[in-house]
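Quantities reported herein were computed from a predicted structural model and do not represent experimental measurements. Protein chains get the first letters and strands the later ones, always in sequence-line order, with residue 1 at the start of each.
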Amino acid sequence: PASNLGLEDIIRKALMGNFDD
Amino acid sequence: DLTPEQQSLLHYIMDSYNRQCIPQYITRKLLQEDFSAEENFLLLTEMATSHVQVLVEFTKKLPGFQTLDHEDQIALLKGSAVEAMFLRSAEIFNRKMPHGHTDLLEERIRNSGMSDDYITPMFNFYKSLEELKMTQEEYSLLTAVVILTPDRQYIKDKESVEKLQEPLLEVLQKLCQVQHPENPQHFARLLGRLTELRTFNHHHAEMLMSWRVN
């Protein structure tokens, strides 16, 4: 789940537009 | 007065900013009455994660951002996310949310297990922003200015970032003069709050650590 991701992971995923993966 | 180019930049930023919304299924959870300490922790974490996601969406639309080096894009977002979140929270506490929701959110934050040493300055900061009576235009521009801060750690091409930030600062300065003619210090005060935001950014890591330990 998202709560286990660090800030950088969240940013990278959101920048790539594939946060739901 | 703002030039036509500045007007359209302002409208564009405002429009992108207004599309930044935390999904309702998360905010709805806020209103559920019973919550254990653990559920509270999870909810606040989920809100923070969602906050970062909408922040990234807003940032992608900032003029020129996508032309920056990819690692610089990440460094800018990493450097500014906490500050942008504090700004957004201040806006929510001071204006945007229906009154009852704000009380509930405050209660949850105060019961989150975070030390008062961190919580008190945070709510004091929200209050100090409230006194400035910022408009939504100002919040949106200030957020963009915060994101496009050239002197963050690990930025390789500071000059390109500066070039993107400058026009936004100019619009913000003019806007302050137009919207607060009675207060010529308004723009300087806004910039002063940015310095305060930096302090929160520095304390944020310790704050999270103490929270987790608790």
Basic-acidic side-chain contact under 4.0 Å: B:Asp157, B:Lys163: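 No, B:Asp157 and B:Lys163 are not salt-bridged.
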
Do B:Asp69 and B:Lys156 sit within salt-bridge range, that is, some charged N less than 4.0 Å from a carboxylate O?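 A salt bridge links B:Asp69 with B:Lys156.
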
Set of salt bridge (charged side-chain N to carboxylate O under 4.0 Å, His left out) partners for B:Glu71, sequence neighbours left out: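 So B:Glu71 forms a salt bridge (charged side-chain N to carboxylate O under 4.0 Å, His left out) with A:Arg12.
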
Counterpart residues, ring pair (Phe, Tyr, Trp, His ring centres under 6.0 Å), relative to B:Tyr154 (two or more places apart):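 Partners of B:Tyr154 by the ring pair (Phe, Tyr, Trp, His ring centres under 6.0 Å) criterion come out as none, since no residue qualifies.
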
Side chain, backbone, both or neither of B:Gln66 within contact of chain A (heavy atoms, under 4.5 Å):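 For B:Gln66, neither part sits under 4.5 Å from chain A.
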
Please state whether the side chain, the backbone, both or neither of B:Lys78 comes within less than 4.5 Å of a heavy atom of chain A.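 Contact with chain A involves both backbone and side-chain atoms of B:Lys78.
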
When B:Thr59, B:Leu55, B:Val52 are compared by non-hydrogen pairs under 4.5 Å with chain A, the top option: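 Sorted descending by pairs with chain A, the first entry is B:Val52.
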
